[in-house]
Amino acid sequence: MVSNSEISSRLLELAGLTALADGSTNSFRARAYQAAARAVEELAEPASQMSQTALTALRGIGKSTAAKIFELEGTGRIEKLEKLRREFPPDFVEMTRVPGLGPKKALLLRDRLGATSVDDLKRAIAAETLRDVPGLGPKTEQNLFRAIERLGIGGKERRTPIIDAMRLAHEITAALSEVEGVERAEHMGSLRRFRDTIGDLGVIVAASGEHQAVADRFVSLPLVEETVAFGARKSVVLVTSGMQVDLRIVEPAQFGAAALYFTGSKAHNIRLRQLAADCGWLLNEYGLMDAGTQGVIAAVTEEDVYAALGLDWISPEIREDWGEIEAAAAGALPELIQEDHLRGDLHVHTDWSGDGRGTLTATVAAAQERGYEYLAITDHAEDLAINGLSRERMLEQREALAGLEGSMMTVLHGAELNIGRKGTVDYDPGFLAGFGWGVASVHSLFDMPAAAQTERLITAMFDPAVNAIGHLSGRRIGRRPGIEFDVDAVLTAAAESRCAIEINCHLDRLDATAEVLRLARDRDVLFTIATDAHDARELANTRWGTRHARRGWVERDRVVNTWPKRRFLEWVEEKRGSKR
DNA sequence: GCCGTTTTCGGCCCGACTGTTTTCAGTCG
């Protein structure tokens with residue numbers, strides 16, 4: 001059976017090649033394939049097993065695409081895709097990935113110079129023959145040369161892990177905030193939507209009066225390596241890490257419209273502009289306006305613009321045209337989780353285990369300062385050879401914790417257990433029963449087959465000592481892919497076992513992934529939002545975990561550490577008293 | 001290629017910047 005992700009990537013490839021065939025990345029057919037790919041990605045059931053009627057009922061999939069899905073399922077290929085692949089071989093497609101080289105120029109180079117690969121392109125640039133092609137000149141030659149040199153092949157697809165992008169964004173917005181006349185400087189784009197990886201970093205600045213000083217400051221920041229574009233409203237630079245940063249400067253009265261526009265996603269924006277057009281209005285980065293009189297209808301805040309379009313304000317993390325617009329129109333948006341809903345942290349390390357840095361006292365005090373009602377200390381258990389605590393040390397720690405009692409906050413003595421090859425965890429049942437909380441995580445054997453990983457996770461979930469599964473996939477964004485497992489089976493087991501799935505707050509992890517969280521929407525799955533803090537300051541990482549959870553459409557009541565202490569502790573005990 | 005209480009044909013979001021042009025096409029987001 002062909003999986004939805006396979007179908008989706010075939011459709012995306014079809015979109016890319018169709019864009020080449022049509023000479024535009026915005027060709028309607030290319031966009032239609034993109035929309036179809038998105039529709040398939042969002043499906044909970046396998047598209048290849050659905051009826052034609054059910055498939056074509058989905059927005060974005062018509063008869064033609066449905067037929068291609070069945071063709072792929074039946075024959076393992078899509079004839080139209082095969083034909084396009086022959087017309088545009090991989091080397092040529094790779095050439096079109098060079099920034100600044102779109103379908104039109106690429107086809108022109110192929111027709112005029114016979115260039116069909118990046119190597120051909122390099123040779124043409126070196127021989128200075130590119131400038132002889134009508135419509136191209138020495139400047140284009142130079143820009144393409146620099147693009148290849150600087151970004152390499154695939155420059156357009158390069159993505160930066162969110163942790164690096166966030167750091168960069170804060171540095172840039174802090175510097176721009178200091179420029180006189182600047183009222184606000186904020187990151188937008190996929191970083192504000194909290195995607196795991198970021199393509200280009202988008203920043204908007206609201207400034208009254210002179211805009212030039214802002215642009216000047218921007219392109220002269222120390223980390224700027226190269227200025228790609230420099231204009232009154234818009235500038236683009238490449239920074240030392242190779243990331244592209246786009247700056248837009250707007251009037252303060254236009255900030256809402258600009259924020260909406262530059263946060264995207266593109267698909268979300270297109271839907272909004274269609275809604276505007278239906279009312280005879282025009283929506284762009286400067287505001288929502290009457291198409292005829294140009295009179296401004298809304299622009300100051302995002303809420304204003306959404307309200308004028310008849311929509312509730314939509315949280316940036318879910319602006320992907322995943323159904324949020326319909327929900328907002330119906331007043332049926334879910335109550336998404338927010339940071340101030342949290343009443344405790346359930347995955348926290350101290351210096352008792354090797355990689356923690358805060359003392360027990362300092363960690364507990366920091367949690368108390370955050371106003372928490374409960375906290376679980378979860379240092380590594382003994383099977384983690386490097387950092388794990390022996391039984392003796394665990395008992396000592398429990399005693400030390402008892403000495404810290406006396407506050408309103410309940411401190412649970414827990415452990416971060418290691419999920420073994422077969423799904424068993426550290427210690428023995430008797431010793432495990434002594435803990436008040438258990439979070440179990442995969443720390444080893446990342447490359448076992450998916451079926452074995454699935455079994456392993458499910459076994460751990462049903463263990464009475466396991467209240468939650470930590471960082472479900474074990475991924476490190478941009479560095480380690482994480483284990484493969486059957487999402488459907490694991491979510492079903494989570495609902496059945498009443499074991500929570502952790503939403504790990506570390507920017508490096510953000511695990512379980514948003515895709516898994518979204519797929520859990522239709523089931524009775526519980527979550528924790530936990531920091532996995534190794535330092536008291538990291539308790540503040542809840543700000544990341546809650547944004548990630550919102551991207552997964554996680555509602556407040558699904559998150560056990562939003563519950564009042566009594567309800568929370570009852571659930572903990574119920575699970576710990578369960579039988580396999 | 002998709003879609004439809006104006007439609008089964010004719011629409012399909014909108015604008016900035018660059019380079020190459022002498023008013024606009026290409027690329028990008």
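Chain A is the first sequence line, chain B the second, and so forth, proteins listed ahead of strands; every chain is numbered from 1. Quick note: numbers below take in every heavy atom, side chains included, and nothing from hydrogens, waters or symmetry partners.
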Does [X] place a side-chain N or O at less than 4.0 Å from the phosphate oxygens OP1/OP2 of [N]?
| X | N | answer |
| --- | --- | --- |
| A:Lys68 | B:dG1 | yes |
| A:Ser64 | B:dG1 | yes |
| A:Arg31 | B:dC13 | yes |
| A:Lys80 | B:dG1 | yes |
| A:Lys104 | B:dG26 | yes |
| A:Asn284 | B:dG15 | yes |
| A:Gln274 | B:dC14 | no |
| A:Ser24 | B:dG26 | no |
| A:Thr140 | B:dT20 | yes |

Say we look at [N] and [M]: how far apart would their [atom1] atoms be, to the nearest angstrom?
| N | M | atom1 | result |
| --- | --- | --- | --- |
| B:dT8 | B:dG4 | C1' | 8 Å |
| B:dT21 | B:dG15 | P | 27 Å |
| B:dT20 | B:dA25 | C1' | 9 Å |
| B:dT6 | B:dG11 | C1' | 12 Å |
| B:dC14 | B:dC9 | C1' | 25 Å |
| B:dG26 | B:dT22 | P | 14 Å |
| B:dC28 | B:dC13 | C1' | 14 Å |

- Mark this stacking check for A:Phe28 against B:dC12 as yes or no, applying ring centres under 5.5 Å and ring planes under 30°.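 The base of B:dC12 is stacked with A:Phe28 (centres under 5.5 Å, planes under 30°).
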Quickly work out the [X] [atom1] to [N] [atom2] distance and round it to whole Å.
| X | N | atom1 | atom2 | answer |
| --- | --- | --- | --- | --- |
| A:Asp22 | B:dC2 | CG | P | 14 Å |
| A:Met243 | B:dC28 | CE | C1' | 16 Å |
| A:Arg97 | B:dC28 | CZ | P | 13 Å |
| A:Tyr261 | B:dC28 | OH | P | 16 Å |
| A:Asp246 | B:dT27 | CG | P | 18 Å |

- Can you tell me the Watson-Crick or wobble partner of B:dT8, both distances under 3.5 angstrom?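 In the structure as shown, B:dT8 has no Watson-Crick or wobble partner.
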- Geometric cation-pi criterion, A:Arg248 with A:Phe262: 6.0 Å, 45°: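 Not flagged: A:Arg248 not positioned over aromatic ring of A:Phe262.
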- Query: Is the charged tip of A:Arg550 near the ring of A:Phe194: under 6.0 Å from the six-membered ring centre and within 45° of its axis?
  - Reply: no
- Message: Considering every strand and a 4.0 Å limit on heavy-atom distances, what is the contact class for A:Gly60: base, sugar-phosphate, or nothing?
- Response: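 If one applies the 4.0 Å heavy-atom cut-off, A:Gly60 turns out to touch the sugar-phosphate alone, with no base involved.
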- Nearest-nucleotide 5' precedence on DNA chain B, A:Gly137 against A:Tyr286: A:Tyr286
- Task: Select from A:Phe230 and A:Pro103 the residue whose nearest nucleotide in DNA chain B is closer to the 5' end of that strand.
- Result: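 Residue closer to the 5' terminus by nearest nucleotide: A:Phe230.
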- When you check the glycosidic angle of B:dT21, does it come out syn, meaning within 90° of 0, or anti?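 In terms of base orientation relative to the sugar, B:dT21 is anti.
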- Task: Would you check if A:Asp196 and A:Arg475 make a side-chain contact, meaning some heavy-atom pair closer than 4.5 Å?
- Result: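 Answer yes - side chains close enough.
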- Task: Start with the C-alpha gap between A:Gln254 and A:Asn284, add the side-chain angles, then the distance that decides, and say whether side chain to side chain contact (heavy atoms under 4.5 Å, CB included) holds.
- Result: CA-CA 10 Å; A:Gln254 299 168 331; A:Asn284 61 26; over 6 Å; no
- Rounded distance (nearest 0.5 Å) linking atom CZ of A:Arg547 with atom CD1 of A:Ile503: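 Taking CZ in A:Arg547 and CD1 in A:Ile503, the distance rounds to 15.0 Å.
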- Derivation of the side chain to side chain contact (heavy atoms under 4.5 Å, CB included) call for A:Leu221 and A:Val237: CA-CA 10 Å; A:Leu221 288 171; A:Val237 299; over 6 Å; no
- Item | Any donor-acceptor N or O pair under 3.5 Å, side chains A:Glu41, A:Ser8 |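 Per modelled atom types, A:Glu41 and A:Ser8 side chains form a pair under 3.5 Å.
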